[in-house]
Each structure stands twice: as structure tokens, then as C-alpha cells.
Amino acid sequence: MTTIIKNGTIVTADLTYKSDIKIEDGVITEIGENLSGGTELDATGCYVMPGGIDPHVHLEMPFMGTYSSDDFESGTRAGLSGGTTMVVDFCLPEPNQSLHDALLRWDNKSTRANCDYSFHMAITWWGEQVWNEMESVVKDRGINTFKHFMAYKGALMVDDDEMFSSFQRCAALGALPLVHAENGDVVAQLQAKLLEEGNNGPEAHAYSRPAEVEGEATNRAIMIADMAGVPVYIVHTSSEQAHEAIRRARQNGIRVYGEPLIQHLTLDNSEYKHPDWDHAARRVMSPPFRDKKHQDSLWAGLAAGSLQVVATDHCAFTTEQKRNGVGNFTLIPNGTGGLEDRMPMLWTNGVETGRLTMNEFVAVTSTNIAKILNMYPKKGAILEGADADIVVWDPNKEKTITAGTQQSAIDYNVFEGKHVKGLPRYTLTRGVVAVDDGEVKTREGHGKFVAREPFQAVNTALSQWKEVTAPRKVERTGIPASGV
Ligand SMILES: NC(=O)NCCC(=O)O
Ligand SMILES: [Zn+2]
Ligand SMILES: [Zn+2]
């Protein structure tokens with residue numbers, strides 16, 4: 001099957017130019033002027049960009065006594081409708097469960113995906129079995145990223161000892177550790193204190209997770225990764241304190257990546273003061289929304305390159321599920337949606353305001369993460385030979401976001417009422433048109449798992465540098481006799 005995207009302007013992470021694109025059997029086969037033959041998609045007035053990649057989603061996630069409500073079908077449909085053509089979900093083994101058994105569950109859930117996907121493996125417990133299985137997860141399953149939660153004490157949290165062991169294993173396997181960086185011990189005590197004082201509403205969720213606990217944990221994760229000799233990726237970087245830790249480490253030559261979310265960039269903590277309990281609880285996520293000072297820091301980091309990726313951490317719970325926490329904010333399932341709105345919200349608040357260039361937009365929504373996760377240029381690129389995961393972006397198409405017309409399965413939208421300018425005219429997933437002139441036409445089960453090779457360049461360079469600078473015993477000739 002041949003498709004030609006005609007009359008558009010191609011925008012990549014580093015180039016902007018007018019050209020047509022030929023797609024055959026899901027792959028870009030030619031980029032050039034005046035291409036013809038096959039089905040034509042008119043991109044006049046549009047920017048033709050690599051489809052978005054969201055590296056941080058939780059579809060049908062078992063969490064806090066329930067399951068997040070968007071599954072691989074509705075979640076990927078929501079993503080495609082907003083120009084996202086690939087998602088990466090987190091496989092979460094139960095305590096003492098084999099990593100491979102957990103993967104079977106994720107394999108089953110993901111068969112319904114409308115677009116391509118991959119998995120990160122979470123390290124939710126530690127032992128010899130996990131240490132052993134990590135190798136086959138990387139080598140046989142093509143999963144080169146391992147997630148560590150420094151928060152959610154008593155559930156997903158791992159301690160420093162476990163994290164250091166796991167990071168060393170990642171270094172040896174050519175894998176990349178990911179970290180949810182919040183000091184889980186301090187959060188747990190702050191939660192208990194707030195509840196004791198009668199502070200049980202959703203706003204207390206934010207009080208229990210100040211920016212300081214994120215900054216401290218980010219510093220600690222970076223230090224542990226440095227000691228283990230492995231790069232590290234900090235998920236949902238939400239505060240100046242965490243950004244500052246990443247920025248400083250990068251300036252000192254440490255290989256660390258930071259991932260702000262579209263929610264933290266565009267929504268602030270005044271949401272938790274809303275008089276309606278449901279309104280505030282729907283916005284409960286970890287880390288919580290912050291104030292403008294933090295938002296400005298995140299935007300600056302994207303422009304400066306100290307932060308590399310914009311994700312969503314899409315983990316959508318219905319109002320009914322959120323109400324599990326009436327009377328006790330610690331029982332409100334943590335998570336918000338965003339898959340459908342990440343690209344239009346970032347374009348509107350970033351490119352339309354001049355905070356980001358179009359090329360930076362492509363970098364932070366697609367190309368950078370494709371490189372970080374070792375799947376570039378199959379993904380994240382408009383190049384001959386790349387998968388035809390493409391968004392034809394109409395900068396003049398506008399809408400007001402509302403739950404009533406969204407693809408996501410939940411009954412509200414945290415961006416309700418926001419006006420966006422810049423939306424897909426077409427979204428293509430491996431050459432198949434999933435958004436057709438604005439109309440969503442996804443194909444359940446079309447999505448394929450994307451296996452990712454262990455890292456070569458970055459991990460090799462880092463381990464070489466660690467070897468060059470390793471502490472060495474000083475060989476001495478004249479050693480005095482012991483004084484004892
Ligand atoms: N972020 C959040 O509140 N929920 C999803 C789980 C996580 O990423 O921490
Ligand atoms: Zn997290
Ligand atoms: Zn998450």
C-alpha cells in the first residue's frame with residue numbers, strides 16, 4: 001500500500017523544509033519534490049512531523065486498590081487523536097513475582113493497542129531472581145529501561161540499597177534506570193501528620209509532597225547512578241529543586257535526563273484549592289501540581305536543553321475511583337490524564353507563545369526520547385527507512401478541550417475549557433491513517449511491540465570514563481614498619 005503526503009512542510013528536530021513523503025508498507029521510502037502514486041493526503045498549510053512518543057503512560061495500571069481506567073485501546077486511541085503514535089507503559093511485577101510472569105500480563109493487555117508501544121520494567125522488589133531475570137528482560141525481551149519508585153512506601157517503593165544494586169546491574173547490562181524521585185519516607189510521615197491534624201482533603205496531597213522532597217530524592221538518585229556508573233532518567237520532573245539537581249549534574253558531566261509533564265507545565269497548584277472536592281481530587285497526582293516559579297523553571301529547562309522530554313504520566317481514574325479518598329486524601333488514586341492533549345497543549349503554550357521553536361517541539365515530544373530509549377531512527381524521525389509514524393499538523397485548527405468529546409474513557413478532563421490552536425489533520429501509525437481530516441479512525445490491535453536493544457554509545461562511554469577515573473591503589477616502595 002502506497003501513500004503520499006503532499007504539499008506539506010517537514011519539521012524535524014533539526015530541519016524545516018518543503019517536501020513530499022512516500023510511504024510504502026508502513027515505512028517512509030522516499031522524501032522528495034512532486035511525488036505521486038497511491039493515496040494522496042493533502043498537507044497544504046500543515047507541518048509534517050514525527051508522531052509524538054509518550055514514554056510515560058500507565059494503561060490499565062493496578063494501583064491503590066483499583067485499575068487506571070484507560071486501557072491500551074482507549075489510551076492509544078486518545079494518543080493518536082492528539083498526534084501521539086507511540087506509548088511506553090510500565091510493567092509492574094507484584095512482590096516476589098517473576099519479571100517474565102508480569103510481562104505476560106502486560107503482553108495480554110497490550111494486544112488491543114491502536115499504535116506501537118513498548119514497556120519499561122519496574123523494579124518493585126529485589127532479590128537474586130530479579131538480578132538474574134534482568135538479563136533476559138534486556139536480551140530476550142528488548143526492554144532496556146528499569147523503573148525505580150523512591151516513593152509509595154509500603155507499595156512500589158525501593159530503598160537506596162536496592163536501587164544501588166539495581167543500577168549497577170543496569171550498568172552491566174547496558175540498560176537505563178528510570179526514577180520516580182520523591183523521598184517516600186518523608187512523604188509518609190507528612191501524610192500521617194496532616195491526617196492527624198484533620199487535614200484530609202485533596203489539597204493535603206500537595207502539602208505532603210513539597211518540592212523539597214522531590215529535589216532531595218532527585219539529587220540522591222543522581223548520586224547513586226553516578227556511583228553505579230550508569231546514566232539515569234528522572235521521570236515527571238515537576239519542580240525547580242529537581243530541575244536544579246539535574247541541571248547541575250549535567251553541567252558536571254553526569255549523564256542524566258529530565259522529563260517534565262504537560263500537566264506540570266500548564267496547570268498549577270491553585271487547582272487543589274478549588275471548593276469542589278471532585279475538582280481537586282481529579283488533579284491529585286504525584287508529584288503534585290506546583291506554582292508558577294516551578295513552571296517557569298521547567299519551560300526554561302526545555303528551551304535550554306537541561307530537560308529533554310515532555311510526557312504525560314497518563315494514569316486516568318474516574319471521579320468514582322477518586323472518591324475512594326473522601327475523608328482520607330492518601331486513598332485518592334494518584335494520577336491524571338493527558339495523552340490526548342499533550343501535543344496540542346504543548347504547541348499552544350510552547351510554540352504559539354514563542355517559548356519553543358517548532359524544531360524544539362519535535363525534539364521534546366518525539367526525537368529526544370527515541371534517542372534516549374534507543375529506537376531512533378526507526379521512531380522519532382522523518383527519514384527514509386523510518387516507520388511512518390507521522391503527524392500532519394494543522395497550526396490553524398482550533399478546539400476547546402472538553403471531556404464530552406474526548407477519546408479517553410474517564411468522565412472529566414484536567415484541561416477542561418482550555419483552548420488549543422494546533423491539532424492533527426492526519427495521524428499515521430506505521431502508514432495507517434488513524435486520524436483522517438480530524439476524524440478518529442483507529443484500528444484495534446494494529447499496534448506492535450517495539451523491542452529496544454541495550455545501549456551502546458552512552459553506557460560504553462560512561463563505563464570507559466568510570467574505568468579511566470576509578471580509584472586505584474597507590475603502589476609504594478618504602479612502606480614503614482607497622483607502629484604496633
Ligand atoms: N504519577 C501518579 O500520580 N500516578 C502514576 C504513578 C506514578 O507514575 O507515580
Ligand atoms: Zn511516578
Ligand atoms: Zn508514572
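As a basis for the values below, the full set of heavy atoms in this structure was taken, side chains included, without hydrogen atoms, waters or symmetry mates. Remember, it's 1-based here, ligands and their atoms both numbered in the order they're listed. Model, not experiment: these values are computed from the prediction.
Nearest protein heavy-atom contact of atom 4 (N) of ligand 1 is N334 O, 3.0 Å.
Among the backbone and side-chain atoms of C315, no N/O/S atom is found under 2.8 Å from the Zn ion (ligand 3). One of the N, O or S atoms belonging to H58 lies under 2.8 Å away from the Zn ion (ligand 3).
Atoms of ligand 1 found under 4.0 Å from any heavy atom of Y152 (numbered from 1 in listed order, with element): 1 (N), 2 (C), 3 (O), 4 (N), 6 (C), 7 (C), 9 (O). Listed by atom number, the atoms of ligand 1 under 4.0 Å from H56 heavy atoms are 8 (O). Which parts of ligand 1 touch H236 is read off a 4.0 Å heavy-atom cut-off, strictly below it: atoms 8 (O), 9 (O). Atoms of ligand 1 lying under 4.0 Å from at least one heavy atom of H180, given by number and element, are 9 (O).
As for D313, its N/O/S atom nearest the Zn ion (ligand 3) is the one called OD1. When you scan the N, O or S atoms of H180 for the one nearest the Zn ion (ligand 2), you land on ND1. The name of the N, O or S atom in H236 nearest to the Zn ion (ligand 2) is NE2.
Defined by atom type and a distance below 3.5 Å, a donor-acceptor pair is missing between the side-chain atoms of R342 and T365. In this structure, a donor-acceptor pair under 3.5 Å is present between the side chains of H56 and E259.
The CG atom of D341 lies 9.0 Å from the CD atom of Q263; values are rounded to the nearest 0.5 Å. R282 CZ to Y412 OH: the interatomic distance, rounded to the nearest 0.5 Å, is 7.0 Å. Remark: Q308 CD to T237 OG1 distance equals 8.5 Å, nearest 0.5 Å.
For the pair K109 and F72, the cation does not sit on the ring face, since its NZ or CZ is not both under 6.0 Å from the ring centre and inside 45° of the axis.
Polar contact with ligand 1: present for H58 (N/O pair, distance under 3.5 Å).
Ring centers of H120 and F146: at least 6.0 Å apart, outside the cut-off. Taking the six-membered ring for Trp and the full ring otherwise, the centers of H294 and H264 sit at least 6.0 Å from each other.
The two residues R290 and S238 make their nearest non-hydrogen contact at NE-OG, 3.0 Å.
Evaluated by nearest non-hydrogen atom to atom 3 (O) of ligand 1, the leading choice among A311, P287, S286 is S286.
Contacts with ligand 1 closer than 4.0 Å are made by side-chain heavy atoms of D313 only, the backbone lying farther away.
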